[in-house]
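To keep things clear, I will list the structure first and then write my remarks on it.
Hydrogens, waters and symmetry mates play no part in the numbers below; they use all other heavy atoms, side chains included.
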Amino acid sequence: MFTLTMLGSGSAGNAALVATDHCRILIDGGLSARQIVVRLALCGVEPQQLDGVLLTHEHGDHVCGLEVLCRKFHIPIYCNALTAEAIRYNCDSLGQHKNWRIFRTGADFSICDISVQTFPVPHDAVEPVGYAFHAGNSALGFITDLGYPTKMLVERLRQVHTLVIETNHDEKLLQADPHRPWPVKQRIMSRHGHLSNIAAAGVIEQLLAGKIERVVLGHLSRDCNTVDLASGTVRAQLMKFGRPEVEVHCAVQNEIGPRFTIGQTPARAFQPTFDEFLFGAGAASAA
């Protein structure tokens, strides 16, 4: 079984779990170490069982829990050389971490029984990457934090069954936001910024001729987007192109999402209750 669980996603922090019966991979560590441990426990996973942390880029909302998590549990860190250099520069203690697994962007490699394809994405980080994961006949695409979809990116994602994609902002809400100065808005809307709802819907449209069965929308801005706006924009595009059967889900910041089985729909095998989320793994913690 090849599964995806979004542990949390938004402008304040991002992390996800990809797993098979023999492999458990954390994608990004942008929640606090304590929250990562608690949310992993809701998935039945202890941090020492992780086979690695794969990083998309070095920004704080993707790596802020990394130092404590890796210091305490000695988890391998997979990333490219420039991302590792940036993280070590900003966090001296991670410079002492002994278990870096450095890959070249564009390379393919395996972690246990999961094959990993890497590809560059345009974003204002030193060397951001997207991923396509393959296990058996199933495939998962994972792209967050990108300004626009490149042709290479679309080609790498044509065979995925499930796609995690950024829907950062609604363009009208961003332009009207009184709290962000105009240069910040320009950066967000630039070709090295973030995908809007409309831009993400355009990426999904390009993949409809492939195997896509499900999209999971992530990295929603707290101030400049809503779940209804993001999912509504994507569903409207799917209806327009005669594909209403494609599942649309929104990952959120403050709670774990369902466990999705890749290449099999529908797949809401696990959804923690509110009490389970708050108290079910409360004994697990990271200092």
[X] (side chain) donor-acceptor with [Y] (main chain) under 3.5 angstrom:
X: R101; Y: P76; value: no
X: R235; Y: V248; value: yes
X: R214; Y: H161; value: no
X: S190; Y: H192; value: yes
X: R156; Y: F119; value: no
X: E58; Y: A84; value: no
X: S9; Y: A251; value: no
X: Q253; Y: G13; value: yes
X: T144; Y: I165; value: no
X: D51; Y: R24; value: yes

Review point. What do the steps show when you test R243 against E245 for salt bridge (charged side-chain N to carboxylate O under 4.0 Å, His left out), and what is the final call?
Key: CA-CA 5 Å; R243 293 294 305 277; E245 79 282 1; 2.4 Å; yes
Review point. How would you list all residue pairs meeting salt bridge (charged side-chain N to carboxylate O under 4.0 Å, His left out) that involve residues 162-178, not counting sequence neighbours?
Key: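 Sorted pair list: D177-R180.
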Is atom [atom1] of [X] surrounded by more than 12 heavy atoms (other residues, nucleotides or ligands) closer than 6.0 Å?
X: E85; atom1: CD; result: no
X: M1; atom1: CE; result: no
X: D223; atom1: CG; result: yes

Which pair of non-hydrogen atoms, one from [X] and one from [Y], has the smallest distance, and what is that distance?
X: C43; Y: I256; result: SG-CD1, 3.4 Å
X: M239; Y: P244; result: SD-CB, 3.3 Å
X: G29; Y: I36; result: CA-CD1, 3.9 Å
X: C70; Y: L94; result: CB-CD2, 4.4 Å
X: G130; Y: V121; result: N-CG1, 3.7 Å
X: Q49; Y: G44; result: OE1-O, 4.0 Å

Nearest-0.5 Å distance that lies between atom [atom1] in [X] and atom [atom2] in [Y]:
X: S110; Y: H134; atom1: OG; atom2: NE2; answer: 10.5 Å
X: D61; Y: D145; atom1: CG; atom2: CG; answer: 6.0 Å
X: R191; Y: T150; atom1: CZ; atom2: OG1; answer: 9.5 Å
X: L66; Y: C91; atom1: CG; atom2: SG; answer: 8.0 Å
X: S115; Y: D108; atom1: OG; atom2: CG; answer: 8.0 Å
X: I114; Y: F133; atom1: CD1; atom2: CZ; answer: 7.5 Å

Practice item. Could you pull out all residues at least two apart from F2 that satisfy ring pair (Phe, Tyr, Trp, His ring centres under 6.0 Å)? Key: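 Ring pair (Phe, Tyr, Trp, His ring centres under 6.0 Å) check on F2 returns nothing, list empty.
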Review point. Mind checking what makes ring pair (Phe, Tyr, Trp, His ring centres under 6.0 Å) contact with Y78, not counting sequence neighbours?
Key: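 Ring pair (Phe, Tyr, Trp, His ring centres under 6.0 Å) check on Y78 returns F109.
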**Study point:** Geometric cation-pi criterion R187 and W182, 6.0 Å radius, 45° cone
**Key:**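 Here R187 fails the 6.0 Å and 45° test against W182.
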Exercise for review: Mind running side-chain contact (heavy atoms from CB on, under 4.5 Å) on I75 and L26 for me, showing each step along the way?
Suggested key: CA-CA 10 Å; I75 303 165; L26 185 68; over 6 Å; no
Are side-chain heavy atoms of [X] and [Y] found at a separation under 4.5 Å?
X: T167; Y: T233; answer: no
X: V160; Y: L140; answer: no
X: L217; Y: V227; answer: no
X: Y131; Y: Q117; answer: no
X: Q175; Y: M189; answer: yes
X: T5; Y: P258; answer: no
X: L50; Y: F73; answer: no
X: S138; Y: T162; answer: no

**Study point:** Stepwise side-chain contact (heavy atoms from CB on, under 4.5 Å) check, I204 with V234
**Key:** CA-CA 8 Å; I204 294 164; V234 171; 3.7 Å; yes
Are [Y] and [X] linked, directly or through intermediate hydrophobic residues, by side-chain heavy-atom contacts shorter than 4.5 Å (ILVMFWY only)?
X: I25; Y: I143; value: no
X: V215; Y: L4; value: no
X: L157; Y: Y148; value: no
X: Y89; Y: L55; value: no
X: F103; Y: L153; value: no

Practice item. Scan residues 29-62 for pairs that pass ring pair (Phe, Tyr, Trp, His ring centres under 6.0 Å), counting only residues two or more places apart or in two chains. Key: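 For residues 29-62, and leaving out neighbouring residues, the ring pair (Phe, Tyr, Trp, His ring centres under 6.0 Å) pairs sorted by first residue read H57-H59, H57-H62, H57-H123, H59-H123, H62-H219.
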Check your understanding: Under the salt bridge (Lys or Arg N to Asp or Glu O under 4.0 Å) test, which residues partner E127, sequence neighbours left out?
Key ->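 Residues passing salt bridge (Lys or Arg N to Asp or Glu O under 4.0 Å) with E127: none at all.
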Practice item. For T83 and V126, run side-chain contact (heavy atoms from CB on, under 4.5 Å): C-alpha distance rounded to whole Å, both residues' side-chain angles, the deciding distance at 0.1 Å, then the answer. Key: CA-CA 6 Å; T83 299; V126 291; 4.2 Å; yes
Check your understanding: Can E67 and R71 be said to form a salt bridge (charged side-chain N to carboxylate O under 4.0 Å, His left out), step by step?
Key -> CA-CA 6 Å; E67 189 273 330; R71 171 168 50 82; 3.0 Å; yes
Would you tabulate the side-chain donor-acceptor contacts of residues 16-23 under 3.5 Å, counting partners in other chains and residues two or more places apart, or write 'none'?
unit_1, atom_1, unit_2, atom_2, d
T20, OG1, H22, N, 3.1
T20, OG1, C23, N, 3.1
T20, OG1, D113, OD1, 2.7
T20, OG1, D113, OD2, 3.1

Check your understanding: Any side-chain donor-acceptor pair under 3.5 Å between N225 and N168?
Key ->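 The criterion, which ignores hydrogens and geometry beyond distance, is not satisfied for N168 and N225.
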Practice item. Kindly determine whether L82 and T105 satisfy side-chain contact (heavy atoms from CB on, under 4.5 Å), including the steps that lead there. Key: CA-CA 10 Å; L82 287 180; T105 299; over 6 Å; no
